[in-house]
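Just so we're on the same page: letters track the sequence lines, and every chain starts at 1.
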Amino acid sequence: MATTQYRSVKGMPDLLPAEARQVRELERIAATFFEKAGFQELRTPILEAAELFSRAVGESSDIVRKEMYHLTDLGGRELVLRPEGTAPIVRAVLQHKLVAPGEAARLWYVGPMFRQENTQKGRQRQFVQIGAEWFGAGGPWADAETIGLNVRLLEAFSVNIDAVEVNSLGNAASRLAYREKLVGFLDKYAEQLCADCKERRQLNPLRVLDCKNQQCQAIYADAPVPLDALDEPSRQHFDAVCQGLETLRIEFVVNARLVRGLDYYSDTVFELKSSRLGAQATVSAGGRYDSLVESFGGPPTPAVGFAAGVERILLAREAEPAAEMTPDVVWIALDEPARREGLGVVDQLRAGGMVALQLFHKGSVKAQMRGANQLGARFAVLCGDDERARAVWAVRDLQQREQFEVPATPEALIRELRARSA
RNA sequence: GUGGGUGUAGCUCAGUCGGUUAGAGCGCCAGGUUGUGGCCCUGGAGGUCGCCGGUUCAAAUCCGGUCAUCCACCCCA
């Protein structure tokens, strides 16, 4: 291994050509997918005011407590690298008044997010999310459509989804009532909880429900769950969401212990899971957040959305990555004048729509031919003093293993190659 | 932040009860074909054995530390 002086920062890996190609493919698929569903792209900056996230995501969340990359600019502004995509979108929607009263806005985004967590399979410190946010649509059918869009998007990515899990946390009143019930329950077992759950009990009680500790899970077997505490409106909303999913013919399971880490969720929450990601099973997740816009000082605006992790999509993806572009033509120079001539020919071949290149790093003809073959080139075009004297180029069809000559002009060459390729 | 695994050639890896010039496959380069690929044959280049320190006559090998990476906890997309 070469000892390099500099390395990329932990958790912020370079996207090598094969991966970059895949990501570009995903972005293309997403763009056409969202366009068909009436969503428009919105790109927000990577840096935002720190306060934006502490307000939206919640002071008690790990993201805000210890995972944000924080900096102060020359004007003394407290900035952070965005740890998630929803808060910036909400900010932009309000700033530019993208949702007129009584109207809706459907927006999607793609871009890097940053969290200072420790790395592991499916978890990086800089990671890309593709997400959608739908403002102004309050009924349960919008939830069902959003979950449906999430499922269809991952299908378009050829991602293998093992489970679609849904749950309801209830509206504000239900959540408050539930939280009291849960804390009361936990108090009875306070001594037996794992260290993490003891802390969760104080900070964010809901999170105990998805604790991985077996002893804790045994205790929680008969703990109250949010679904049991739903009031009538929330109950009806959730039932309708489930009916909507049936209409869409989306298989799903109700996971009563599904909770989400961000404070802004209300009523519907959901996760799409794959078994291919190691411990990080969630490829995509989202939910309803009806009070977030208002808490940012905007008009009461219901909203629902989701975000998918691109790195996790890549891990769970079944499709073969798109093939690399293979050259149509490699110019083989037999002497120095031919190298110079090739410079111009290759340029004109590209202008004519062909993939063409010359291998300056290869010395002998043999090496250049080998290189052309390894790149998967269809044709090798050879030029030396003999050809120059007769004003022709020798063209070798590397697939058919035949060789012929063409007049030494790019136009004649392109014409001949097109005819042979058809 | 915590725990465990791993760090030897461009890549995948062998080699560790300490002992001469550290190996293989693939890849790369050259030749076998005066100017022509895929197969085959021959030869060659390429390594601070992650880094620092310790033990020893002698360290890739043992010990300590450190960094990186992977997996897991935590958290979440």
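- Within the 4.0 angstrom heavy-atom criterion, base atoms lie near A:Q124.
- With both ends at atom P, the span from B:rG23 to B:rA30 equals 25 Å, rounded to whole Å.
- Considering only side-chain atoms of A:Q403, the nucleotide from B:rA77, B:rU36, B:rC74 that sits closest is B:rU36.
- Ring geometry for A:F39 versus A:F34: interplanar angle of 30 to 60°, hence tilted.
- Residue contacts shown for A:I130 are absent, as no nucleic acid heavy atom lies under 4.0 Å away.
- Using Watson-Crick or G-U wobble geometry with both donor-acceptor distances under 3.5 Å, B:rU42 finds its partner in B:rA30.
- Whole-Å rounding puts the A:K273 NZ to B:rA77 C1' distance at 12 Å.
- Few gaps surround CD on A:Q95; more than 12 heavy atoms of other groups in view lie less than 6.0 Å from it.
- Comparing atom distances between the A:S364 side chain and each of B:rC76, B:rC74, B:rG31 picks out B:rG31 as nearest.
- Residue A:L334 contributes atom CG, which lies 12 Å from atom P of B:rG37 at whole-angstrom precision.
- Note on A:R339 versus A:E336: salt bridge recorded, some NZ/NE/NH1/NH2 to OD/OE distance being below 4.0 Å.
- The closest donor-acceptor contact from the side chain of A:R388 to the backbone of A:P337 lies at 3.5 Å or more, if one exists at all.
- At a threshold of 4.0 angstrom between heavy atoms, the contacts of A:E271 with the nucleic acid are absent.
- Counting non-hydrogen atoms under 4.0 angstrom, A:D385 reaches a base of the nucleic acid.
- Put simply, CD on A:E133 is 11 Å from P on B:rA77, counting in whole angstrom units.
- Nucleotides B:rG50 and B:rU16 have their P atoms positioned 16 Å apart, rounded to a whole Å.
- Using P as the reference atom, B:rG7 and B:rC17 are 15 Å apart when rounded to the nearest Å.
- Across all strands shown, nothing is found opposite B:rG47 as a Watson-Crick or G-U wobble partner with both distances under 3.5 Å.
- Between A:T119 and A:A285, it is A:T119 whose nearest contact on RNA chain B lies nearer the 5' terminus.
- When rounded to the nearest whole Å, the span between CZ of A:R125 and P of B:rC75 equals 17 Å.
- Which of B:rG35, B:rG37, B:rA30 sits closest to the side chain of A:R401 comes down to B:rG37.
- Separation of the P atoms belonging to B:rG15 and B:rA72 is 27 Å when rounded to the nearest angstrom.
- Between the side chain of A:R123 and the base of B:rC75 there is at least one donor-acceptor pair of N/O atoms closer than 3.5 Å.
- Within 4.0 Å of A:E84, counting heavy atoms only, lies no atom of the nucleic acid at all.
- Remark: A:R260 is not positioned above the aromatic ring of A:Y289, lacking an NZ or CZ atom under 6.0 angstrom from the ring centre and at most 45 degrees off the axis.
- Between the CE atom of A:M113 and the C1' atom of B:rA77 there is a distance of 9 Å, rounded to whole Å.
- In the set B:rG37, B:rA77, B:rC75, B:rG37 carries the atom at the smallest distance from any side-chain atom of A:L398.
- Rounded to whole angstrom, the span from the CZ atom of A:F360 across to the P atom of B:rC29 amounts to 17 Å.
- Residue contacts shown for A:N118 include a base, since a base heavy atom lies under 4.0 Å away.
- Within the nucleic acid shown, A:G371 has no heavy atom closer than 4.0 Å to any nucleic acid atom.
- The neighbour count for A:E405 CD, taken as heavy atoms of other residues, nucleotides or ligands under 6.0 Å away, is above 12.
- Residue A:R370 is classed as a sugar-phosphate contact, given heavy-atom separations below 4.0 Å to backbone atoms only.
- Across B:rG4 and B:rA22, the matching P atoms stand 34 Å from one another, rounded to whole Å.
- Looking at which nucleotide of RNA chain B each of A:Y265 and A:K66 is closest to, the 5′-most match is held by A:K66.
- Comparing the P positions of B:rC40 and B:rA58 gives a spacing of 48 Å, expressed to the nearest Å.
- Within the nucleic acid shown, A:K366 comes within 4.0 Å of at least one base atom, counting heavy atoms only.
- Atom CZ in A:R201 sits roughly 19 Å away from atom C1' in B:rC74 (whole-Å rounding).
- A:A394 comes within contact range of no nucleotide atom at all, as no heavy-atom separation falls under 4.0 Å.
- Closest approach to the A:E387 side chain among B:rG35, B:rC73, B:rA68 is made by B:rG35 (side chain taken as heavy atoms from C-beta onward).
- Using a cutoff of 4.0 Å between basic side-chain nitrogens and carboxylate oxygens, A:E155 and A:R152 are scored as salt-bridged.
- Rounded to whole Å, the P atom of B:rC51 lies 10 Å from the corresponding atom of B:rU61.
- Note on A:A279: only backbone sugar-phosphate atoms sit closer than 4.0 angstrom, heavy atoms only; bases stay farther off.
- Among the nucleotides B:rC75, B:rG37, B:rG35, the one closest to the side chain of A:V365 is B:rG35.
- The side chain of A:M369 sits closest to B:rG37 out of B:rA77, B:rG37, B:rG35.
- From A:Q124, atom CD reaches atom CZ of A:F114 across 12.5 Å, with rounding to the nearest 0.5 Å.
- For the pair A:Q120 CD and B:rU2 P, the computed distance is 16 Å after rounding to whole Å.
- Taking a pair to require two hydrogen-bonding distances under 3.5 Å in either a Watson-Crick or a G-U wobble arrangement, B:rU6 pairs with B:rA68.
- For the P atoms, the distance linking B:rC74 with B:rU69 amounts to 22 Å, nearest Å.
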